[in-house]
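The block underneath contains the structure these notes are about, expressed in structure tokens.
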Number of protein chains: 2
Amino acid sequence: MANPGTSRRPKYQRIAADLRQAVQAGEYRPGDRLPGENDLMAAYQVARMTARQALGVLQTEGLAEARKGAGVFVRSFRPLRRRGGPDGIDTHAVALDGAVEEQRTPPPTVADALALSPAAVIPVRDHRFVRDGKPVLLSTSYRPQPGLVAVRFREEIHCRMPSSEEAQQLRLPPGTPVIQIRRTGFAPDGRAIEVNELTLDASSYLLEYEFDV
Amino acid sequence: MANPGTSRRPKYQRIAADLRQAVQAGEYRPGDRLPGENDLMAAYQVARMTARQALGVLQTEGLAEARKGAGVFVRSFRPLRRRGGPDGIDTHAVALDGAVEEQRTPPPTVADALALSPAAVIPVRDHRFVRDGKPVLLSTSYRPQPGLVAVRFREEIHCRMPSSEEAQQLRLPPGTPVIQIRRTGFAPDGRAIEVNELTLDASSYLLEYEFDV
DNA sequence: CAGTGGTCTAGACCACGAT
DNA sequence: TCGTGGTCTAGACCACTGT
């Protein structure tokens, strides 16, 4: 009896669709608790795993977040705006929570971009920024010659699901992607002189770029 | 017996970690088939649901992709580069697969940005671009007065998990985020005269922006 | 056709959070 | 303490893919 009743869709998808619609209709507001596994088992006459699966759908969509021992709650979206520009990281609304400077060997892709030998040791700075106590941005800066000043920047943006390590560092609930920005600074002669790798909690950020024709 | 043996971590996470490491070590290359549910059940002496859960982890991380009736396969990443600039969409390497132009009422946020009345009807163009037969970009353009030419653009980027509708349109496997770009064009007097909303398969794209100091 | 992943059941024990 | 979600078992039937 995999597909009883009048519907052809799996039960868990139908339950998930009901919940999703209720959220979008405003029946549940951000922070509200959704019906739990036991509620759904009773309401839809399904097994625990099926109810779990339905709630799992909303979580992997980023619409809900489970808190162990408490329930499943509607997530909220309050984005920080980051303006792409010469400044790099704008620190308003976020607080620097950790900073480390040490001599390290950069990863091969960075050493390559900076035209360093693969085993070169240079000063590296690690930063962590938080909002409301939650980390939202990790930054690693590579700048072998701090004296030089960049006059042009390129930012490359890639969006993906986090590694388990990143999910832990940024305390990301399931269904939250990360934005990875590689920011490269160039000297007037066109040489790359600094690289900054940023990892952002995608649910906390909205990026903004402007340009004239 | 939720946590037998010497490990404190759940079984499914341990299995997933083994597989993840094997992928990252190159034991399985992009496109290769991973051990299936039956293989994992036998190798680790676990129930089907536990093996499934382990394979599910790799899929929600975007590292693997299940093909029904065939197996679970390592995903590949071959990004298209999109340069932010006056051009909007660069069509090299992607093909226009569908285009519709019609008179519609834009969503409230767009009507607001363009200073239109909420019920205004304007020409709207929908485009779909594909690479190797797979859709990678959906575009909707709002341009109430085609005669005007924009001299400045702003792009706002947001990354999130797709709605089920978007996942279907872009044929996204689980664990694939989307990038949403709202591109606004401004006339010399500063008024917004066009809005273009793009939805990108994040696993297919790498965005690039440049600026001088 | 045999093998695969997809869905589902009906139980069980656990760790955690709120009360 | 009690209810919550988290993990796990041992079965089952299905739809799909490849040969």
Side-chain angles (χ1 to χ4, degrees), chain A residues 1-17 19 28 31-60 63-75 164 167-168 171-175, chain B residues 1-17 19 28 31-60 63-75 164 167-168 171-175:
Chain A
M1 190 181 42
N3 266 316
T6 56
S7 167
R8 285 232 158 272
R9 282 200 314 182
K11 288 183 182 179
Y12 79 95
Q13 281 188 20
R14 171 151 168 50
I15 299 172
L19 291 172
Y28 303 97
D32 284 359
R33 190 183 166 235
L34 291 174
E37 297 175 0
N38 296 328
D39 302 319
L40 296 178
M41 286 167 70
Y44 290 92
Q45 292 290 294
V46 294
R48 175 174 302 278
M49 285 303 298
T50 307
R52 276 186 68 72
Q53 217 173 343
L55 290 167
V57 168
L58 297 202
Q59 292 170 57
T60 60
L63 291 178
E65 172 181 5
R67 293 207 279 273
K68 211 183 338 188
V72 179
F73 299 82
V74 179
R75 290 182 60 176
S164 53
Q168 192 182 0
R171 299 221 309 269
L172 300 175
Chain B
M1 188 181 39
N3 266 317
T6 57
S7 168
R8 287 231 156 274
R9 282 198 314 181
K11 289 183 182 179
Y12 79 96
Q13 282 187 20
R14 171 152 169 49
I15 300 172
L19 290 172
Y28 303 97
D32 283 359
R33 189 184 166 231
L34 291 173
E37 297 175 0
N38 296 328
D39 302 318
L40 296 178
M41 287 168 69
Y44 291 91
Q45 291 289 294
V46 294
R48 175 174 302 279
M49 284 305 298
T50 306
R52 275 186 69 71
Q53 218 173 343
L55 290 167
V57 169
L58 298 202
Q59 291 170 59
T60 61
L63 292 178
E65 173 181 4
R67 293 207 280 273
K68 210 184 337 186
V72 179
F73 299 83
V74 179
R75 289 182 61 177
S164 53
Q168 192 183 0
R171 298 222 310 269
L172 300 174

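Below, read A as the first sequence line, B as the second, and so on, with proteins coming before strands; counting in each chain starts at 1. When reading the values below, keep in mind they use all heavy atoms of this one structure, side chains included, and skip hydrogens, waters and symmetry mates.
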Notebook entry, point to check: Just how far, in rounded Å, is P of C/dG5 from CG of B/L58?
Noted result: 13 Å
Next item on the list: Any chance you could measure B/T50, atom OG1, to B/Q45, atom CD, to the nearest 0.5 Å?
Entry: 12.0 Å
Next item on the list: Whole angstrom is fine here: how far is it from CZ in A/R33 over to P in C/dG17?
Entry: 15 Å
Notebook entry, point to check: To the nearest Å, how far apart are A/R9 CZ and C/dC8 P?
Noted result: 11 Å
Notebook entry, point to check: Contacts to DNA chain D from residues 38-56 of chain A, heavy-atom cutoff under 4.0 Å, which residues?
Noted result: A/N38, A/M49, A/R52
Check: Can you check the B/R14 CZ to D/dG6 C1' distance for me, whole Å?
Finding: 19 Å
Next item on the list: Only pairs at least two apart or in different chains count here, so list each salt bridge (Lys or Arg N to Asp or Glu O under 4.0 Å) that has a residue in residues 41-56 of chain A.
Entry: A/E37-A/R48, A/E37-A/R52
Notebook entry, point to check: Going by heavy atoms in the side chains, are A/V57 and A/I15 under 4.5 Å from each other?
Noted result: no
Next item on the list: Mind running a 4.0 Å heavy-atom check of residues 64-72 of chain A against DNA chain C and sending the residues that fall below it, in number order?
Entry: A/K68, A/G69
Notebook entry, point to check: What's the CD-P distance between A/E37 and C/dA10, to the nearest Å?
Noted result: 16 Å
Notebook entry, point to check: So, do B/L40 and B/L19 sit near enough that their side-chain heavy atoms are less than 4.5 Å apart?
Noted result: yes
Next item on the list: Look up atom CG in B/L34 and atom CD in B/Q59, then write down how far apart they are to the nearest 0.5 Å.
Entry: 9.0 Å
Next item on the list: Report yes if at least one side-chain N or O of B/Y12 is closer than 4.0 Å to OP1 or OP2 of D/dT7; otherwise report no.
Entry: yes
Note to self: For a quick test of reading the model, state the closest non-hydrogen atom pair linking A/V46 to A/A51 and the distance between them.
What the structure shows: CG2-N, 4.1 Å
